[in-house]
Amino acid sequence: MVQQELTITNPTGFHARPAALLVARAGKSKSSVTILHNEKKVNAKSMLNVLGAGIRQGSTITLLVEGEDEAETLAELVRLIEQLPE
């Protein structure tokens with residue numbers, strides 16, 4: 001398992017468009033992808049779970065990735081989150 005903590009800088013947080021991009025990329029992975037936010041564990045492959053997590057600008061999240069392509073998946077998700085469109 002690999003993990004990384006991130007602070008969301010996108011002004012709108014994970015609203016529909018950024019959440020859709022994250023879920024689409026996580027869904028391509030063979031690994032499980034979990035977001036930890038405010039003591040909640042959220043399946044990053046579920047649009048409803050990601051939207052329901054209430055992740056806003058300034059939120060700190062931890063991405064947990066576990067599986068056969070975990071390192072590659074984590075690197076791509078971190079890059080995606082850091083470059084989220086508004």
Side-chain angles (χ1 to χ4, degrees):
M1 177 173 58
V2 293
Q3 66 182 35
Q4 184 164 340
E5 188 173 284
L6 299 159
T7 300
I8 305 305
T9 58
N10 180 18
T12 56
F14 280 177
H15 66 84
R17 186 174 178 203
L21 293 171
L22 176 72
V23 169
R25 176 54 194 97
K28 292 179 183 178
S29 175
K30 296 176 185 173
S31 300
S32 66
V33 182
T34 304
I35 299 170
L36 298 178
H37 176 251
N38 288 341
E39 314 259 338
K40 293 184 215 173
K41 288 186 176 184
V42 176
N43 178 358
K45 294 183 179 185
S46 166
M47 184 70 165
L48 289 176
N49 286 343
V50 172
L51 287 173
I55 300 170
R56 303 190 188 318
Q57 182 182 29
S59 296
T60 299
I61 64 168
T62 302
L63 285 176
L64 303 171
V65 186
E66 184 171 9
E68 62 184 83
D69 60 349
E70 61 189 25
E72 175 187 338
T73 298
L74 180 63
E76 288 183 21
L77 290 174
V78 167
R79 191 169 33 255
L80 174 76
I81 290 169
E82 289 174 343
Q83 298 172 354
L84 280 174
E86 295 182 22

Student: Group every Ile, Leu, Val, Met, Phe, Trp and Tyr by side-chain heavy-atom contacts under 4.5 Å, then state whether Leu80 and Leu6 land in the same group.
Tutor: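 Yes, Leu80 connects to Leu6 through the hydrophobic network.
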Student: Can you name the nearest heavy-atom pair linking Leu77 to Ala26, along with the distance?
Tutor: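 Residues Leu77 and Ala26, closest heavy atoms: CD2-N, 4.1 Å.
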Student: Which distance, rounded to the nearest 0.5 Å, do you find between the CD1 of Ile8 and the CD1 of Ile61?
Tutor: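 The CD1 atom of Ile61 is 4.0 Å from CD1 of Ile8, to the nearest 0.5 Å.
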Student: Is Val23 linked to Leu63 within one hydrophobic cluster, defined over Ile, Leu, Val, Met, Phe, Trp and Tyr using a side-chain heavy-atom separation of less than 4.5 Å?
Tutor: yes
Student: Residues in salt bridge (charged side-chain N to carboxylate O under 4.0 Å, His left out) with Glu76, at least two apart?
Tutor: Arg25
Student: Applying the side chain to side chain contact (heavy atoms under 4.5 Å, CB included) test to Lys41, which of Thr34, Thr62, Ile35 qualifies?
Tutor: Thr34
Student: Consider only side-chain heavy atoms of I, L, V, M, F, W and Y, link residues closer than 4.5 Å, and tell whether Val42 and Ile81 are in one cluster.
Tutor: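 Linked, Val42 and Ile81 end up in one cluster.
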Student: Do the side chains of Met1 and Val33 join up, straight or via other hydrophobic residues, at under 4.5 Å, putting them in one cluster?
Tutor: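 In one cluster with Met1: Val33, no.
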Student: Apply side-chain contact (heavy atoms from CB on, under 4.5 Å) to Val2 and list each qualifying residue two or more places apart in sequence or on a separate chain.
Tutor: Val65, Glu70, Leu74
Student: Who are the side-chain contact (heavy atoms from CB on, under 4.5 Å) partners of Lys30, not counting sequence neighbours?
Tutor: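 So Lys30 forms a side-chain contact (heavy atoms from CB on, under 4.5 Å) with Glu68, Asp69.
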Student: List the atom pairs, donor and acceptor, that lie under 3.5 Å between side-chain atoms in residues 43-60 and the rest of the protein, sequence neighbours left out.
Tutor:
from, atom 1, to, atom 2, distance (Å)
Asn43, OD1, Lys45, N, 2.8
Lys45, NZ, Ser29, O, 2.9
Lys45, NZ, Ser31, O, 2.8
Ser46, OG, Asn49, N, 3.2
Ser46, OG, Asn49, ND2, 3.4
Gln57, NE2, Thr9, O, 3.2
Ser59, OG, His37, NE2, 3.4
Ser59, OG, Arg56, N, 3.0
Ser59, OG, Arg56, O, 2.9

Student: State plainly whether one hydrophobic cluster holds both Leu84 and Leu22, where clusters connect Ile, Leu, Val, Met, Phe, Trp and Tyr through side-chain heavy atoms under 4.5 angstrom apart.
Tutor: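 Yes; tracing contacts between hydrophobic side chains, which count when under 4.5 Å, links both residues.
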